[in-house]
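Lettering of chains follows the sequences in order, A, B, ..., and the numbering in each one begins at 1. This one's a predicted model, so the numbers in the text were calculated from it and none came from an experiment.
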Amino acid sequence: MARMTMIEAIRDAHTLAMEADDDVVVMGEDVGYFGGVFRCTAGLQKRFGVQRCFDTPISELGIVGTAVGMAAFGLKPVVEIQFADYMYPAYDQIVSEAARLRYRSAGEFTCPMVVRMPTGGGIFGAQTHSQSPEALFTHVAGLKTVVPSNPQDAKGLLLAAINDPDPVIFLEPKRLYNGPFDGHFDRPSQSWGKHPLGEVETGYYETPLGTANIVREGSAATLLAYGTMVHVALAAVEESGVDVEVIDLRTLLPLDLETIAESVSRTGRCIVLHEATLTSGYGAEVTALIQGECFYSLEAPVLRVAGWDTPYPHAQEWDYFPGPERVKRAIATVMEG
Amino acid sequence: MARMTMIEAIRDAHTLAMEADDDVVVMGEDVGYFGGVFRCTAGLQKRFGVQRCFDTPISELGIVGTAVGMAAFGLKPVVEIQFADYMYPAYDQIVSEAARLRYRSAGEFTCPMVVRMPTGGGIFGAQTHSQSPEALFTHVAGLKTVVPSNPQDAKGLLLAAINDPDPVIFLEPKRLYNGPFDGHFDRPSQSWGKHPLGEVETGYYETPLGTANIVREGSAATLLAYGTMVHVALAAVEESGVDVEVIDLRTLLPLDLETIAESVSRTGRCIVLHEATLTSGYGAEVTALIQGECFYSLEAPVLRVAGWDTPYPHAQEWDYFPGPERVKRAIATVMEG
Amino acid sequence: MDKETDPQLHVPEPAIRPGDTPDFSHVEIPRAGEVRRPDPGENPQEMRDLAFSIIRVLNRKGEAVGPWADSLSDEALQEGLRHMMTLRAYDARMLKAQRQGKTSFYMQHLGEEAIACAFQKALRKGDMNFPTYRQAGLLIASGYPMSDMMNQVYSNEADPVRGRQLPVFYSSKEHGFFSISGNLATQYVQAVGWAMAAAIKGERKLSVGWIGDGSTAESDFHGALVFASTYKPPVILNIVNNQWAISTFQGIARGGAGTFAARGHGFGLPALRVDGNDYLAVHAAAAWAVERARRDLGPTLIEYVTYRAGGHSTSDDPAAYRPKEEGAAWPLGDPILRLKTHLIQKGLWSEERHTQAEAEVMDGVIAAQKEAEAIGTLHSGNRPSPREMFEDVYAEMPPHLVRQRHEVGY
Amino acid sequence: MDKETDPQLHVPEPAIRPGDTPDFSHVEIPRAGEVRRPDPGENPQEMRDLAFSIIRVLNRKGEAVGPWADSLSDEALQEGLRHMMTLRAYDARMLKAQRQGKTSFYMQHLGEEAIACAFQKALRKGDMNFPTYRQAGLLIASGYPMSDMMNQVYSNEADPVRGRQLPVFYSSKEHGFFSISGNLATQYVQAVGWAMAAAIKGERKLSVGWIGDGSTAESDFHGALVFASTYKPPVILNIVNNQWAISTFQGIARGGAGTFAARGHGFGLPALRVDGNDYLAVHAAAAWAVERARRDLGPTLIEYVTYRAGGHSTSDDPAAYRPKEEGAAWPLGDPILRLKTHLIQKGLWSEERHTQAEAEVMDGVIAAQKEAEAIGTLHSGNRPSPREMFEDVYAEMPPHLVRQRHEVGY
Ligand SMILES: Cc1ncc(C[n+]2csc(CCOP(=O)(O)OP(=O)(O)O)c2C)c(N)n1
Ligand SMILES: Cc1ncc(C[n+]2csc(CCOP(=O)(O)OP(=O)(O)O)c2C)c(N)n1
Ligand SMILES: [Mg+2]
Ligand SMILES: [Mg+2]
């Protein structure tokens with residue numbers, strides 16, 4: 001075991017994957033010499049050479065488009081989109097190409113590629129450095145979508161994603177890079193230095209895609225979250241004094257519906273959390289699934305706590321961010337229902 | 001009143017809007033001299049000149065990107081994306097630019113623009129001529145999303161969309177262009193010639209955005225649909241012999257939640273239909289809203305009938321398309337629940 | 001400053017529309033043999049002239065002349081003629097099959113046969129094309145079984161892509177033919193990525209991007225040129241300028257540039273412009289670009305000047321936007337006729353042999369068609385199971401898809 | 001064919017990295033006054049040379065020489081100097097304010113002040129810039145109130161964009177400054193659309209697209225050039241080549257092209273390359289392009305050669321990827337110093353007046369800052385109400401947003 005921030009854990013995963021497999025290559029804007037604006041790829045170019053880790057022109061289309069070609073050749077490209085907010089120019093290549101290549105060629109050509117991107121707010125990044133576009137990926141057949149919430153998972157999930165034979169969208173909550181964040185923006189920042197999940201297994205391991213993690217057992221209600229919202233959920237639950245179960249989804253697609261349904265059937269109440277815009281967000285899908293699976297156990301409607309249906313504002317960051325107060329209110333509401 | 005196909009109704013709306021307002025301009029691939037691959041803009045160039053209706057290079061990014069600039073100048077561009085499946089290159093301009101311009105400039109610059117695109121399957125168009133990407137728009141704050149199901153609505157909704165001060169995504173179910181289609185692919189094609197809604201008001205009228213339409217009253221359950229699925233719903237209900245209410249949503253965002261909630265509270269059962277891929281489809285949002293609004297009236301879980309979570313296949317078109325048989329089974333299931 | 005003017009939108013218009021008399025006198029066509037052939041290693045900056053002329057080998061008399069001649073043996077030329085004839089016969093049969101309702105859709109190559117057929121012969125096994133829907137010649141020239149092409153067009157049980165794709169969206173890794181997308185231009189940048197991968201691995205393989213004149217306006221075209229220009233991998237970027245993009249003439253996509261080949265100049269890429277109806281010129285240009293790639297000298301951009309003599313697809317009627325006689329007036333002629341004349345002129349062919357070859361070729365096509373139709377056509381006979389609809393979305397079927405498959409009863 | 005070679009990925013690298021001695025000897029810089037000035041109406045094909053040189057007016061001695069000189073009056077030159085000094089002082093104060101925690105983020109213009117300041121003076125009311133985040137000079141040169149700029153940077157209650165945008169993402173229709181996006185390049189094609197609208201309406205207004213060297217790789221750059229080349233509306237397309245895109249040197253985006261201006265050649269656009277640190281050269285080139293637009297002669301592409309002397313933003317430390325001394329070694333010098341020298345040389349300015357002007361300018365900036373800070377800074381004082389978060393998503397607030405606003409208690 002070793003102490004790592006999420007950045008270090010991601011870097012470690014890259015290093016191990018590149019050591020294990022010559023076909024793993026890394027590229028993106030500023031990822032080469034400089035090592036990425038968040039330093040997630042620092043040291044890779046020096047260690048593995050410019051042919052395996054290099055800077056690209058500022059063209060998200062080009063990054064993903066060439067990665068699709070590389071993957072079809074037989075490489076395993078791991079590409080970084082500097083912020084999730086900038087993935088749109090690559091969206092066509094992701095949706096129309098990466099996601100459908102195996103299907104339309106009946107397995108003749110495949111696309112084992114990982115597209116990493118920092119997501120979420122909490123750093124005063126405003127509308128172009130704060131978005132959480134996961135629902136735009138979960139709607140697309142052929143993609144897998146992963147969101148880690150801590151260094152231990154980030155490393156294991158990234159290694160599993162790189163090893164996956166299909167394209168994986170790997171969303172990294174940037175507010176968690178250096179420490180857990182429970183939404184109490186007015187308290188001092190935490191670091192991973194003292195958090196139990198900042199203690200990361202050394203060496204190669206995979207955290208299988210498609211398995212959720214019950215991070216707090218409880219019996220009164222089930223709180224479903226991923227990424228930063230896992231920490232918000234935990235804080236809100238402690239503060240609420242209600243015995244709520246908290247599940248970290250980790251992989252949005254494929255979703256570990258079994259674990260979720262088991263929990264909600266047991267507790268009879270459910271809240272889904274995310275930072276992304278409410279309408280047609282991923283919470284809608286989870287809610288629809290749960291009301292289908294657990295209809296006869298539900299004591300109250302499934303509640304969604306999410307970002308408002310507005311762009312992510314700058315000055316009003318903490319009015320936008322679905323923090324512990326909103327979650328606590330939701331817990332109270334769902335317990336009344 | 002005049003008999004019109006949906007194509008003619010759309011053409012009529014263009015003509016009236018261009019007559020009424022010099023600032024309305026029309027552009028897109030093949031829309032000028034030729035009048036569009038579906039003929040929706042036929043005659044406009046001849047009538048209004050090449051400065052107001054013209055062909056563009058094959059660049060969906062360029063079409064929408066220049067339209068944003070035109071709209072900011074003060075024009076009201078109405079642009080055609082040849083198939084919804086080809087909107088992805090323009091997605092960044094739609095999501096990051098058109099949708100957010102008013103917000104980020106605090107109302108100083110606005111984007112009164114309509115992006116029309118044919119959607120849906122049923123014409124053996126396979127994965128690149130069959131998609132229904134509405135959920136990719138409803139997730140985006142700042143956009144309105146409209147889906148007409150007949151000529152009368154298509155005209156009125158398009159005129160309302162053109163007159164709207166904000167960007168509107170106007171999705172045209174191509175299988176309805178020439179006639180209603182109830183999913184019985186093995187029966188002769190219908191035309192709008194005999195359908196009551198093929199009788200279209202002449203002259204200028206608007207069908208307000210955000211109002212659903214109860215197309216069949218019923219008491220046993222509520223079936224929510226839009227576009228082609230409205231006709232599938234109606235056929236399935238007649239064949240099922242169950243007294244199901246059918247609501248045509250018409251506008252997905254803003255959604256007429258009031259009409260929907262009133263109906264579902266009354267019937268206690270609900271099915272949501274769409275052709276798009278199930279997971280994270282628009283049905284998820286509607287389901288999540290209904291279970292929230294009508295929780296205590298629901299006798300059974302809200303059911304979704306939708307396209308499978310695969311790309312739209314060619315040979316297996318009718319296995320993919322959510323036709324009347326699947327809807328009837330859903331009616332039976334929801335009535336049992 | 002000179003006097004100001006009210007600005008106007010300048011919308012390019014083709015010189016001729018239905019009702020007018022076809023007129024291609026504005027198309028500047030140099031004489032065959034006139035364009036120089038620089039060494040493939042020459043500095044691209046020194047060969048800009050090549051983007052503004054047209055490399056031609058076959059002259060009016062059918063002679064092969066000039067520095068780009070002689071890239072092919074007699075046998076290869078005869079084989080080339082047969083490939084083009086086969087493609088044309090295949091097109092004719094498939095168009096008819098579509099009209100008979102045996103499939104939903106078809107796209108033909110009429111007038112453009114030389115380009116893909118000749119280009120393919122400059123490649124070798126291991127190279128990869130990223131084609132558009134109008135390069136079936138690559139498959140024919142690489143010996144892909146025609147019945148498999150038809151199985152794809154018919155979406156029958158033997159369709160290699162399991163009925164999932166629109167007709168003509170073939171895929172064959174073995175034959176260096178990348179799965180066709182349907183979204184224009186997207187594969188152009190993938191071709192560059194594939195070549196980057198070859199470069200990263202140091203494997204002697206090259207890739208070829210294909211794009212239509214109209215599609216060069218798409219973003220992926222730019223992405224491809226930016227990455228190709230930056231990393232200089234072994235890729236050849238082909239632009240097939242067949243004058244039309246559905247109803248839109250090439251002036252709309254080309255705008256103020258003299259030629260599509262000129263697009264390469266902004267990126268420092270060598271750019272050739274080639275007579276696309278001249279089998280020999282296409283092959284020679286291909287071989288030149290292939291040499292650049294194999295010597296690791298970097299990418300080449302090539303524009304083929306040709307004419308889409310048929311409709312865009314079976315859904316299109318070009319009479320609505322261009323004179324019916326325009327095809328006949330096209331000054332670069334018919335690629336099959338031109339190669340045939342050359343072979344006759346060389347004493348390698350005759351009218352009789354040609355008639356006989358036509359019959360043979362058609363027999364072969366009909367035999368393949370019988371084979372395919374015995375398996376099934378779109379609406380009749382064996383077709384891929386609905387079960388297959390759920391396969392290959394992922395390598396391993398995730399639980400939600402298994403569930404959905406069960407709902408369909410499989 | 002020559003011997004084959006194993007291909008390699010050619011990854012462009014800057015000549016110098018931290019630890020090396022700065023060396024710009026590979027940057028070819030013509031002498032001031034050397035580049036010809038064609039008539040704006042000349043055929044773009046005849047002026048390709050202009051994309052491969054650098055238009056310069058001020059020579060080493062500070063004299064204005066050559067055919068591009070004399071576009072500005074003495075008063076205008078003095079005003080220009082003051083604008084640049086104001087921008088630099090503004091930057092200094094805002095950088096400090098960010099370090100003091102008064103806002104979250106800032107982006108400076110150090111070394112690039114001449115470009116936006118001079119360009120703006122070639123425009124008139126009604127024209128529209130589509131700027132990036134590094135063109136605040138446009139606002140300063142057009143007389144936009146500095147306290148409003150600061151209100152935006154502080155996201156306070158008087159912020160014209162209501163706290164919604166990242167600092168420096170200004171917006172002012174009145175001052176011809178389009179709302180900044182944050183997504184690189186997207187506005188380049190919008191500028192073309194705006195000019196198309198002006199052309200459609202026949203209104204004598206022009207638009208200006210702005211983009212950085214690195215961002216030319218984006219798709220919107222291509223879209224802009226394609227549409228500009230096709231419809232020839234009154235638009236000027238500016239590329240600010242400041243040598244760096246965050247940590248990436250310009251060779252990565254430029255690839256094999258000699259210059260960014262050369263990108264215009266593939267589209268038949270006239271393309272200039274200009275000394276971006278020479279206020280007079282920038283203004284003269286701008287005026288030339290403006291004349292083209294006003295005479296409806298079509299778009300112009302201009303590359304400004306400059307150097308980003310500061311960090312990319314307050315989140316960036318350039319010492320990690322380039323030598324600290326690189327800025328000082330930049331051969332085109334400092335734009336303020338160069339104009340100052342010119343004015344002194346012309347007898348219009350002196351060291352004393354400069355020192356005095358510096359103090360005056362700083363006083364003005366400090367006064368504006370006091371005004372803005374009296375209203376509030378990001379984390380203290382008056383800020384826009386959370387209620388505003390829900391406004392302007394649409395013209396009229398739809399029911400679901402009203403509901404959400406109520407949830408927040410407004
Ligand atoms: C992204 C995208 N936009 C639009 C289309 C619709 N479309 C199909 S073919 C075509 C014309 C293409 O013209 P060109 O590139 O010249 O190729 P050609 O058909 O002439 O071979 C268009 C607009 C598409 N398939 N994909
Ligand atoms: C679409 C998009 N991709 C990436 C980014 C992140 N980013 C912001 S500035 C920048 C560098 C831009 O460099 P350049 O265009 O040269 O402009 P400069 O900063 O030098 O003025 C990058 C990569 C972004 N804002 N938008
Ligand atoms: Mg074409
Ligand atoms: Mg730069």
Taking side chain as everything from C-beta outward and backbone as N, CA, C, O, which of these in [X] sits under 4.5 Å from a heavy atom of chain B? Side chain, backbone, both or neither.
X        : value
D/Ala195 : neither
D/Pro233 : neither
D/Ile180 : backbone
D/Met397 : neither
D/Ala395 : both

Anything under 3.5 Å between chain D and chain B that's a donor-acceptor pair? List each one with its distance, please.
residue  : atom : partner  : partner atom : Å
D/Arg164 : NH1  : B/Tyr103 : O            : 2.9
D/Ser171 : OG   : B/Glu108 : OE1          : 2.6
D/Ser172 : N    : B/Glu108 : OE1          : 3.3
D/Lys173 : N    : B/Glu108 : OE1          : 3.4
D/Lys173 : N    : B/Glu108 : OE2          : 3.2
D/Ser179 : O    : B/Arg104 : NH2          : 3.0
D/Ser179 : OG   : B/Arg104 : NE           : 2.6
D/Ile180 : O    : B/Arg104 : NE           : 3.2
D/Ser181 : OG   : B/Glu97  : OE2          : 2.5
D/Asn183 : ND2  : B/Ser96  : OG           : 3.4
D/Thr186 : O    : B/Gln93  : NE2          : 2.9
D/Thr186 : OG1  : B/Glu97  : OE2          : 2.7
D/Gln190 : NE2  : B/Gln93  : OE1          : 3.0
D/Gln190 : NE2  : B/Glu97  : OE1          : 2.9
D/Lys201 : NZ   : B/Asp23  : OD1          : 2.6
D/Asp220 : OD2  : B/Gln93  : NE2          : 2.9
D/Tyr231 : OH   : B/Asp55  : O            : 2.5
D/Met389 : O    : B/Tyr103 : OH           : 2.7
D/Asp392 : O    : B/Tyr103 : N            : 3.1
D/Tyr394 : OH   : B/Gly142 : N            : 3.1
D/Tyr394 : OH   : B/Leu143 : N            : 3.3
D/Tyr394 : OH   : B/Leu143 : O            : 2.6
D/Ala395 : N    : B/Asp166 : OD2          : 2.7
D/Arg403 : NH1  : B/Glu293 : OE2          : 3.3
D/Arg403 : NH2  : B/Glu293 : OE2          : 2.7

Most heavy-atom pairs under 4.5 angstrom with chain D, which of [options]?
options                             : result
B/Ala67, B/Gly65, B/Ala99, B/Pro165 : B/Gly65
B/Ala72, B/Ala71, B/Pro254          : B/Ala72
B/Val25, B/Leu255, B/Leu61          : B/Leu61

All ring-ring contact (aromatic ring centres under 6.0 Å, His included) counterparts of D/Phe105, not counting sequence neighbours: none
Contact class of B/Val64 relative to chain D, heavy atoms under 4.5 angstrom: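 The answer is neither part of B/Val64.
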Rounded to the nearest 0.5 Å, what separates atom [atom1] in [X] from atom [atom2] in [Y]?
X        : Y        : atom1 : atom2 : answer
B/Ile63  : B/Ile81  : CD1   : CD1   : 5.0 Å
D/Leu378 : D/Thr103 : CG    : OG1   : 5.0 Å
B/Cys270 : B/Ile260 : SG    : CD1   : 8.0 Å
D/Phe119 : D/Ile302 : CZ    : CD1   : 5.5 Å
B/Ile169 : B/Met87  : CD1   : CE    : 8.5 Å

message: The criterion is side chain to side chain donor-acceptor pair (under 3.5 Å); which residues satisfy it with D/Thr377, sequence neighbours excluded?
response: D/Ser380
message: Evaluate D/Leu206 against D/Leu123 for side chain to side chain contact (heavy atoms under 4.5 Å, CB included), listing each step before the verdict.
response: CA-CA 8 Å; D/Leu206 63 82; D/Leu123 301 180; 3.6 Å; yes
query: Where do B/Val147 and B/Leu249 land on the side chain to side chain contact (heavy atoms under 4.5 Å, CB included) test, with the steps shown first?
result: CA-CA 8 Å; B/Val147 191; B/Leu249 300 182; over 6 Å; no
query: Sequence neighbours excluded, which residues qualify as side chain to side chain contact (heavy atoms under 4.5 Å, CB included) partners of B/Ala161?
result: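 Checked B/Ala161 against side chain to side chain contact (heavy atoms under 4.5 Å, CB included); matches are B/Val114, B/Val168, B/Phe170.
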